[in-house]
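Atom set for the values below is all heavy atoms of this structure, side chains included, hydrogens, waters and symmetry mates excluded.
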Amino acid sequence: MNKKIQDLRDKLLSYCRLELFIVLLVIIGFLGVFLFISKIPPQAAAIEHSTAESARSLESIFQNPLNAPYKILSLVTTYLSSTILMLRLVSFLFYAMACVAVFYAIKHWHSKQVAILTILVFSTNSIVLATARLGATLATVLGWFIFAALLLWQLHSKSNKIVPIIVLVGLAALLYTPGALWFFLILAIVYWNRFKNLFKNVRRNALLIGSIIALIIISPLVISFVRDPQILRFWLLLPETFSLGDIPRSILRVPSAYIYRMPAEPLINVGRLPVFDLSSGILFLIGLNAYRKKIKLDRTRVMIGIAIVGIILGGLGQEFIAIILILPFAFSVVAAGIEFLLDEWKTVFPKNPIAISFGVLLITCVVLFSSYYQLTRFLVVWPQTPETREVYKYPRIIQ
């Protein structure tokens with residue numbers, strides 16, 4: 001009996017060491033990627049300096065607390081070193097959390113194999129990488145998917161103390177992101193009758209502590225709405241003025257940005273190239289067809305709601321925010337396309353391991369081709385374009 005306990009203990013220790021090694025390897029990998037991409041291009045943009053100015057002190061953050069978690073982290077990092085690179089580090093942190101969230105969600109919805117291929121094509125996408133190294137609050141809208149992954153964690157976790165508190169704190173932090181209200185409305189519509197199940201087994205003390213912390217966190221945001229109604233308008237992502245005649249054309253800009261062409265924005269893109277390349281675009285279209293057969297799934301309804309909100313925001317003139325917030329959800333559709341191809345291949349060759357391996361290799365090559373194209377576009381083409389050089393022409397030192 002003692003020998004069995006000892007063997008079990010040794011296996012657990014071995015598993016923990018392996019998990020710790022993987023986590024450390026991932027952290028080192030992310031840091032290496034950041035140190036490389038944060039200096040491309042070498043100079044800073046005007047929006048990065050204005051972001052640094054808005055996060056210069058706690059008083060300035062309190063005056064306009066939108067994106068406060070990003071600004072507070074920026075205040076801390078720029079205090080350690082007054083360069084734009086520290087702002088980019090904060091954006092990269094959101095990128096890293098989004099990568100973890102995408103991997104966790106896809107692994108739960110599909111399989112580990114599909115999750116690995118999806119995170120490869122997501123993490124190397126040119127628009128995703130450009131957003132990750134931009135020292136501005138644009139990266140905060142990736143928090144929509146990060147919070148969705150937190151809810152998924154809560155739903156399938158056995159923890160009834162720590163995880164619920166993390167979810168409630170994450171909810172409060174996400175509320176500082178402009179447009180977050182629309183995301184919570186989508187969740188409320190889809191899960192209206194099932195919120196009790198989400199916290200069914202959670203201890204009341206954990207809910208009480210988490211709720212108190214969340215209320216304390218969001219209190220500066222509520223105060224700012226009372227003090228300055230303009231902040232509420234910015235929080236809702238509503239424009240000051242808009243023309244009804246421009247809305248139909250503007251609405252099409254968000255969906256077309258993924259397949260056809262993006263609005264011109266040299267801050268994060270080369271010309272008007274779309275988000276997807278040929279490979280990822282085809283996988284996305286296949287994924288749409290796969291989700292057509294899964295329309296009753298909750299995640300399908302959430303994705304449809306996110307797409308509708310994004311298209312409406314695009315029609316109101318918030319194209320780039322809409323494009324970035326949809327990104328992780330769009331790559332979830334790409335994951336469905338990858339799974340569909342793998343399943344169809346296995347259906348044709350159900351008992352032939354060599355043919356199955358060849359199919360996996362073929363789809364992996366498609367993903368690698370997409371990653372190679374996107375990395376070349378981000379690392380080689382984008383920094384060399386005249387439009388990018390014109391935008392990134394300011395010093396990296398924060399005055």
Side-chain angles (χ1 to χ4, degrees), residues 29-52 83-96 98-99 102 119-142 253-254 256-281 283-284 314 319-328 330-331 334 366-396:
F30 272 122
L31 287 175
V33 171
F34 168 73
L35 291 174
F36 184 70
I37 72 170
S38 62
K39 298 178 182 178
I40 301 173
Q43 297 297 90
I47 191 174
E48 294 179 306
H49 281 279
S50 62
T51 302
T83 69
I84 295 299
L85 293 181
M86 293 295 101
L87 284 180
R88 294 175 181 175
L89 177 61
V90 178
S91 295
F92 194 81
L93 178 61
F94 279 88
Y95 161 79
C99 287
V102 169
I119 200 62
L120 182 61
V121 74
F122 171 76
S123 63
T124 57
N125 181 267
S126 175
I127 302 300
V128 175
L129 285 172
T131 304
R133 48 80 54 220
L134 178 67
T137 57
L138 185 61
T140 58
V141 295
L142 295 173
R253 290 177 181 172
V254 174
S256 67
Y258 283 87
I259 300 294
Y260 177 46
R261 67 178 184 179
M262 281 185 66
E265 182 50 83
L267 268 174
I268 61 172
N269 195 26
V270 179
R272 304 192 69 176
L273 290 176
V275 174
F276 292 138
D277 52 85
L278 181 62
S279 300
S280 56
L283 290 172
F284 175 77
E319 296 100 339
F320 270 92
I321 290 179
I323 291 167
I324 301 305
L325 72 87
I326 292 174
L327 271 173
F331 278 95
V334 171
V366 171
V367 170
L368 290 175
F369 174 80
S370 174
S371 296
Y372 174 77
Y373 167 82
Q374 293 287 346
L375 287 173
T376 303
R377 172 173 149 182
F378 172 72
L379 297 174
V380 180
V381 181
W382 176 64
Q384 302 302 324
T385 58
E387 294 83 3
T388 302
R389 290 183 176 184
E390 181 62 27
V391 172
Y392 289 93
K393 61 181 181 181
Y394 301 93
R396 290 191 313 206

*Do F36 and L379 pass the side-chain contact (heavy atoms from CB on, under 4.5 Å) test, and can you show the C-alpha distance, the side-chain angles, and the key distance before you say yes or no?*
CA-CA 10 Å; F36 184 70; L379 297 174; 3.6 Å; yes

*Just how far is it from atom CG of L138 to atom CG of L267, taken to the nearest 0.5 Å?*
9.0 Å

*From R396 CZ over to K39 NZ, what is the distance, rounded to the nearest 0.5 angstrom?*
6.0 Å

_Between T385 and T388, is there a side-chain donor-acceptor contact under 3.5 Å, judged purely by atom types and distance?_
yes

*asked:* Tell me whether the rings of F284 and Y258 are parallel (<30°), tilted (30 to 60°) or perpendicular (>60°).
replied: parallel

*Give the intermediate values and the outcome of side-chain contact (heavy atoms from CB on, under 4.5 Å) for residues N269 and R377.*
CA-CA 9 Å; N269 195 26; R377 172 173 149 182; 2.9 Å; yes

_CG-CG distance between L327 and L142, expressed to the nearest 0.5 angstrom_ = 7.0 Å

*Where Y392 and L134 come nearest, the two heavy atoms and their spacing*: OH-CD1, 3.4 Å

*Contact summary for F122 and V102, nearest pair of heavy atoms*: CE2-CG2, 4.0 Å

*Whether Y95 and F92 hold their rings parallel, tilted or perpendicular, with breakpoints at 30° and 60°*: tilted

_So which atom in S370 and which in D277 form the shortest heavy-atom distance, rounded to 0.1 Å?_
OG-OD2, 2.8 Å

*So, does H49 use its side chain to make a donor-acceptor pair with the main chain of P395 at under 3.5 Å?*
yes

*Any Y394 side-chain heavy atom under 4.5 Å of I84 side chain*: no

*Nearest-0.5 Å distance that lies between atom OG1 in T124 and atom CG in L368*: 9.0 Å

*Closest approach of F34 and L85, non-hydrogen atoms and distance?*
CZ-O, 3.5 Å

*asked:* So which atom in C99 and which in I119 form the shortest heavy-atom distance, rounded to 0.1 Å?
replied: O-CD1, 3.0 Å

*In Å and rounded to the nearest 0.5 Å, what is the CZ to OG distance from R261 to S256?*
7.5 Å

*asked:* Please check: side-chain N/O of Q374 versus main-chain N/O of S126, any donor-acceptor pairing under 3.5 Å?
replied: yes

*Go through the steps for R88 and R133 under the test side-chain contact (heavy atoms from CB on, under 4.5 Å), then give the verdict.*
CA-CA 5 Å; R88 294 175 181 175; R133 48 80 54 220; 2.9 Å; yes

*Where Q384 and R389 come nearest, the two heavy atoms and their spacing*: OE1-NH2, 2.5 Å

*Are the side chain of R272 and the backbone N or O of M262 linked by a donor-acceptor pair below 3.5 Å?*
yes

*Looking at L129, I127, V391, which hits side-chain contact (heavy atoms from CB on, under 4.5 Å) with I268?*
I127

*With sequence neighbours excluded, what pairs up with V380 under the side chain to side chain contact (heavy atoms under 4.5 Å, CB included) test?*
T376

*Between atom OG of S279 and atom OH of Y372, what is the distance when rounded to the nearest 0.5 Å?*
13.0 Å

